[in-house]
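This is a predicted model, so every value here is computed, not measured. Per chain, numbering begins at 1; letters A, B, ... match sequence-line order.
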Amino acid sequence: MIKIVDLDFKAIEDKWRQKWADAKIFEANPDERKKWFVNSPFPYVNSCLHLGHGFTYTRMDVIARFKRMQGYNVLFPFAFHATGEPIVGVAKRIEKDDSDQIKMLTDAGVSEREIKKFKDPKYLVRYWQKRIKQDVNRLGIAVDWRRSFTTIDPEFNRFIEWQYRLLKDNGYVVQGTHPVVWCPNCKSPTGDHDRLQGGGEGPINYILFNFKLPSGEILPMGTLRPETIYGVTNVWINPDVEYVKAKVDNEIWIISESCTEKLKDQMHSVQIKGKIRGEELIGKRCINPILMNEVLILPASFVNPKSATGLVMSVPSHAPYDWIGLKDLMYNPSFLKKYGISLDEVSEIKPISVVKTEGLGEHPAVDLCEKLEVKNQNEVEKLDKATNFLYKKEFHQGILREVCGEHQGMRVSQVKEDLSKDFQKVNAATTMWELSGGVVCRCGTKCHVKILENQWFLKFSDERWKEKARLCLRRMKIYPEEARENFESTIEWLQEKACARKSGLGTRLPWDKDWIVETLSDSVIYMSYYTIANYINSEKIEPDQLNDDVFEYVFHGEGDVKKISEERGISKEILQKMRSSFEYWYGFDIRGSAKELIPNHLTFCIFHHTAVWPNEKNWPRAFAINGMLNVEGEKMSKSKGNFILLKDAIEKYGADATRIALMDSAEGLNDANWLEKDVLAWKNKLSSFYGLVKRYYDKGKLMLKRPIDAWLVSRFQNYIKMITDHLEKAENRSALTYFHQMVNDLQWYLKRSEERNKTIVNYALEVMTKVLSLYSPFISEEIWNMMDKERFISLEKWPEFDPKKIDEYVLKQEETFKNICEDIKQTIKLSKKNKDLYLYVITEKEMLYLQQASSFLKREFGFKEVKVFLVRDSKKYDPQNKSIRAKYGKPGIYLE
RNA sequence: GCAGGGGUUGCCAAGUCAGGUCAAAGGCGUAGGACUGAGGCUCCUAUCCCUUAGUGGGUUCGUGAGUUCAAAUCUCACCCCCUGCACCA
């Protein structure tokens with residue numbers, strides 16, 4: 001019976017945190033031991049850490065502690081990410097007294113006085129840096145803080161400059177032109193997270209067909225389906241819209257006014273020459289640039305001037321809107337008359353089928369409108385649904401008909417690109433970018449597509465770069481293996497990636513100061529900076545002392561140290577120390593992160609390492625990937641109100657329980673689930689383990705090893721093997737499950753043996769405490785201290801697996817014995833007899849084993865007598881006659 | 001839509017690659033019991049359904065079909081969930 005011990009977890013945690021810090025046990029310097037460099041992505045410093053951070057960091061910390069106990073020289077550094085837009089954004093919002101922003105900060109426990117100072121982004125960074133450091137320490141992460149930095153430190157900026165110059169010199173950074181979603185107000189690209197509306201929308205390329213009026217002006221018709229040019233029966237213009245005549249490059253176009261704004265941002269020169277109402281064009285004819293036939297310009301209200309050019313061609317066979325548009329006109333002859341168009345002219349128009357699709361009729365748009373019973377062009381919902389359906393179906397399965405000339409028989413999906421190119425080649429068409437859907441920037445402005453010129457890109461498409469990345473990945477360990485495919489497909493899929501922006505915090509591109517290195521691109525090789533950051537910090541090396549020569553020497557061993565030392569004013573010894581520190585620690589041995597970073601950050605990390613370091617020794621060696629952290633089965637989010645800050649969890653449950661519950665909540669790519677009842681259960685378990693040690697440690701007798709002692713040792717040896725194997729694969733949860741089993745086994749042992757073998761019980765408790773120390777280090781230090789140990793458990797030696805200590809025979813016997821106990825229990829239940837017990841066994845060894853257990857059986861079941869007999873001749877067995885049974889017997893259990 | 005991962009008995013989760021020993025580990029929860037002044041602790045027992053003298057039977061591993069003497073495990077199709085889809089951290 002173990003009494004619950006009331007433990008003051010907080011006091012224990014404070015005590016050991018302080019002792020660790022005083023003894024500087026996590027400060028790692030190169031020495032003769034083998035090294036182990038573990039790290040995890042640094043957090044963005046615009047708020048304190050949440051439970052998800054705690055999950056990833058604890059996971060790495062468990063591995064760090066494991067490796068340290070295994071005898072490695074372990075380095076776990078930590079830094080802070082501050083580059084990019086959000087921090088500036090917060091500062092700006094504070095400046096403007098934004099109430100939402102202030103509330104967010106107040107909720108996170110920032111005082112009003114502090115909030116006022118947040119107008120200064122640098123102050124804001126310093127503030128959160130302090131808070132985050134506190135959170136990390138509270139959680140018990142074994143960090144070497146001497147190597148800490150932020151990405152807006154000028155020293156770090158020098159490092160990034162070195163990196164980018166190097167990449168550019170090797171041809172991995174190139175200039176290019178690219179369409180982006182653009183906010184004309186912010187004058188910057190609008191990413192998904194920067195949007196009030198239109199998440200997931202992006203630029204899509206419209207083809208514009210140059211229909212011509214007899215007078216020479218061009219009516220550009222925007223469409224996503226170039227093949228439908230063969231099925232055009234007329235064109236549509238919105239009669240109520242005021243269009244403009246504009247000189248676009250060297251032609252006169254008639255387009256909507258909003259289109260001119262878009263074209264200006266898409267590398268066209270646009271001058272508005274005049275206005276023209278849509279209705280003025282109705283009833284005129286224009287020429288199809290491919291078929292060269294004349295088609296009628298008809299009115300339709302569904303034509304949206306905000307979409308592309310504000311002019312569309314009509315393909316009634318394949319576009320439900322167009323078919324309904326025509327029908328609407330036929331039912332409305334007076335409307336037609338207004339524009340001087342005769343009903344006959346319209347009723348003569350017959351759909352022209354362009355695409356043949358299995359399962360669809362000749363004119364699928366017509367059929368669909370009938371099926372959905374679309375009454376008129378105002379039934380937008382039905383029409384959109386039909387349009388969507390047709391677009392997909394015909395794109396994937398449709399085959400071009402005879403009217404398409406040389407392209408006949410081709411599948412739409414295969415021929416679409418070629419068609420577009422061909423039409424452009426003969427000047428029948430151009431293209432323009434349009435959004436796939438409306439996007440509104442966070443600032444409230446409507447966005448459009450802009451073609452960014454002279455943008456800087458990382459050339460991930462470069463085949464020699466990809467090949468190196470593949471090689472690196474092949475050599476890496478990925479935990480769990482299931483995640484590897486994701487890396488492989490990312491390497492194949494990555495193309496040019498913009499690596500610079502015009503706004504936000506960060507390092508300016510050294511050769512083009514207008515651009516700032518984008519934040520995902522300045523955080524891919526910073527782990528190497530940890531190996532020298534302690535020298536930069538302690539030696540107070542100034543940013544302007546750091547130039548490419550320094551970094552070339554430190555990271556590549558290039559150049560003359562003496563000369564660099566003189567020129568840069570850094571002592572030769574320090575430079576050499578930095579160099580050897582890098583050589584000692586790099587490449588890192590494991591980096592742990594959530595799975596969301598696989599397709600970007602982690603794969604970039606592979607690419608950049610292979611580009612910066614030709615020597616494979618410096619490449620990443622392993623990634624450990626974890627899933628997302630859910631809370632009570634739901635995604636953690638501020639709006640759901642289930643957002644848990646790390647500090648709050650630690651405050652409420654203690655760091656030890658928080659850590660071990662996090663580790664127990666998931667493994668591999670599965671999303672973890674944080675359940676309060678589990679955390680509380682762990683808190684109790686920790687207490688009762690403390691109680692277990694207090695009660696049994698060093699309390700038994702010194703005695704010779706009995707079978708049951710051998711059993712416990714054997715079981716523990718197996719556990720040590722299993723736990724070690726799992727931890728080597730970053731499977732922290734699996735390793736932890738054996739802790740439960742060890743507790744169970746120890747409890748069986750305590751019950752089973754009347755007298756406890758002090759050596760054995762101590763051994764078991766020590767092993768368990770060591771295992772526990774990875775997960776819940778504070779309480780483990782406390783327990784270790786209670787055991788009168790001199791050293792920190794954090795610096796103790798990991799229990800070694802020794803197969804020689806495993807006694808297979810005893811393991812088997814005890815297993816059998818447990819089964820026998822189970823049988824005895826059942827038999828007692830049925831026979832209601834428990835006076836005497838007779839056991840019949842086959843071998844003498846078995847007999848001896850059971851005889852040794854007889855006192856346990858008496859204690860456990862209340863037998864007066866327990867006898868074990870050897871079976872001599874089972875054929876003569878007679879269950880009724882005790883004396884015969886004793887003489888011959890049959891293997892089994894008999895009760896009196 | 002595309003890419004990667006997943007769906008197991010109340011919940012979490014092992015098992016799937018190497019088919020049988022799987023009614024399926026372990027943890028949590030729940031129920032009963034022990035201990036206790038009392039317990040939210042700890043220990044024992046039970047926990048798919050029916051039946052039973054320590055058994056026997058039935059129905060299960062997202063859905064449907066297939067391969068096989070035999071499928072949670074292999075094949076195919078479908079449904080659902082998670083992550084990512086780029087100039088954003």
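- Atom C1' of B/rA23 sits at a distance of 11 Å from the matching atom of B/rC49, rounded to the whole Å.
- Within the nucleic acid shown, A/Thr737 has no heavy atom closer than 4.0 Å to any nucleic acid atom.
- Residue A/Gln747 has its side chain nearest to B/rC43 when only B/rU83, B/rA86, B/rC43 are considered.
- Atom pair A/Asn732:CG and B/rG26:P shows a separation of 22 Å (rounding to whole Å applied).
- Taking only side-chain nitrogens and oxygens, A/Lys635 comes nearer than 4.0 Å to OP1 or OP2 of B/rU83.
- Taking atom C1' on both nucleotides, B/rG26 is separated from B/rA14 by 7 Å, rounded to a whole Å.
- Closest of all the heavy-atom pairs between A/Leu662 and A/Gly54 is CD1-C, 3.8 Å.
- A salt bridge links A/Arg225 with A/Glu394: at least one charged nitrogen is closer than 4.0 Å to a carboxylate oxygen.
- Pairing each heavy atom of A/Leu494 with each of A/Phe607, the nearest pair is CD1-CE1, 3.7 Å.
- Aromatic pair A/Phe487/A/Phe623: centroids less than 6.0 angstrom apart.
- Note on ring orientation: taking the six-membered ring where Trp is involved, the planes of A/Tyr719 and A/Phe716 are perpendicular (angle over 60°, cut-offs 30° and 60°).
- Looking at heavy-atom distances under 4.0 Å, A/Glu85 makes contact with sugar-phosphate atoms alone, never a base.
- Separation of the C1' atoms belonging to B/rG40 and B/rU47 is 22 Å when rounded to the nearest angstrom.
- The aromatic rings of A/Phe149 and A/Phe156 sit parallel to each other, their planes meeting at less than 30°, with 60° as the upper class boundary.
- With C1' as the reference atom, B/rG33 and B/rC22 are 30 Å apart, rounded to whole Å.
- In summary, the side chains of A/Thr150 and A/Asp153 do present a donor paired with an acceptor at a separation below 3.5 Å, with no hydrogens or angles considered.
- A/Asn626 places its CG atom 21 Å from the P atom of B/rG4, with the value rounded to the nearest Å.
- Nucleic acid contact class of A/Lys685 (heavy atoms, under 4.0 Å, all strands): sugar-phosphate only.
- Look at the C1' atom in both B/rU52 and B/rU9: the space between them is 23 Å, to the nearest Å.
- Between the P atom of B/rC82 and the CG atom of A/Asn486 lies a distance of 16 Å, rounded to the nearest Å.
- Of the nucleotides present, B/rU63 is the one that pairs with B/rA77 by Watson-Crick or G-U wobble criteria, both distances under 3.5 Å.
- Electrostatic pairing of A/Arg470 and A/Glu488 does not count as a salt bridge here, judged by no charged N lying under 4.0 Å from a carboxylate O.
- Of the charged side-chain nitrogens involved, at least one lies within less than 4.0 Å of a carboxylate oxygen, so that A/Lys595 and A/Asp671 count as a salt-bridged pair.
- Separating the CD atom of A/Glu676 from the P atom of B/rG40 is a distance of 17 Å, rounded to the nearest angstrom.
- Nucleic acid contact for A/Glu496: base, since at least one base atom lies under 4.0 Å from a heavy atom of the residue.
- A/Phe487 has its CZ atom 12 Å from the C1' atom of B/rG84, to the nearest Å.
- We find that A/Glu201 and A/Arg195 are not joined by a salt bridge, their nearest charged nitrogen and carboxylate oxygen being 4.0 Å or further apart.
- Taking atom P on both nucleotides, B/rA65 is separated from B/rC17 by 23 Å, rounded to a whole Å.
- Counting only heavy atoms from C-beta on, A/Glu485 has its side chain closest to B/rG5 among B/rG5, B/rG84, B/rG27.
- Counting non-hydrogen atoms under 4.0 angstrom, A/Thr190 reaches the backbone sugars and phosphates but no base.
- Between A/His50 and A/Trp674, the ring center distance fails the sub-6.0 Å criterion.
- Side-chain atoms of A/Lys595 lie closest to B/rC82 of the nucleotides B/rA89, B/rC28, B/rC82.
- Nucleotide B/rC82 holds its C1' atom 15 Å from the CE atom of A/Met636, rounded to whole Å.
- Comparing B/rA89, B/rA86, B/rG84 by their closest approach to the side chain of A/Gln495 singles out B/rA86.
- Closest approach to the A/Trp493 side chain among B/rC85, B/rG4, B/rU83 is made by B/rC85 (side chain taken as heavy atoms from C-beta onward).
- Every pair tested for salt bridge (charged side-chain N to carboxylate O under 4.0 Å, His left out) that includes a residue from residues 596-605 of chain A fails, sequence neighbours excluded, so the list is empty.
- Within the structure, every side-chain polar atom (N or O) of A/Ser489 is placed at least 4.0 Å from both OP1 and OP2 of B/rG4.
- With a cut-off of 3.5 Å on both pairing distances, the Watson-Crick or G-U wobble partner of B/rG29 is B/rU47.
- Distance check on atom C1': B/rG62 versus B/rG58 gives 22 Å, rounded to whole Å.
- Base pairing of B/rC69: its partner is B/rG20, meeting the Watson-Crick or G-U wobble criterion (both donor-acceptor distances under 3.5 Å).
- The separation of B/rA70 from B/rG19, taken at their P atoms, amounts to 16 Å, rounded to a whole angstrom.
- Look at CD on A/Glu518: it is 13 Å from P on B/rA86, rounded to the nearest Å.
- Scanning residues 597-605 of chain A for heavy-atom distances under 4.0 Å to RNA chain B yields A/Pro599, A/Asn600.
- A/Leu520 comes within contact range of at least one nucleobase, with a heavy-atom separation under 4.0 Å.
- Residue A/His740 has its side chain nearest to B/rG27 when only B/rG27, B/rU42, B/rA86 are considered.
- Closest to the side chain of A/Leu669, from the set B/rU42, B/rA3, B/rG5, is B/rG5.
- Whole-Å rounding puts the A/Met722 CE to B/rG26 C1' distance at 13 Å.
- The partner of B/rC85 is B/rG1, judged by Watson-Crick or G-U wobble contacts that both fall below 3.5 Å.
- Between A/Lys721 and A/Asp725, at least one side-chain N (NZ, or NE/NH1/NH2) sits under 4.0 Å from a carboxylate O, which counts as a salt bridge.
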Identify each atom pair where a protein N or O and an N or O of nucleotides 12-18 of chain B are less than 3.5 Å apart, giving names and distance.
from: B/rA13; atom 1: O2'; to: A/Arg733; atom 2: NH1; distance (Å): 3.4

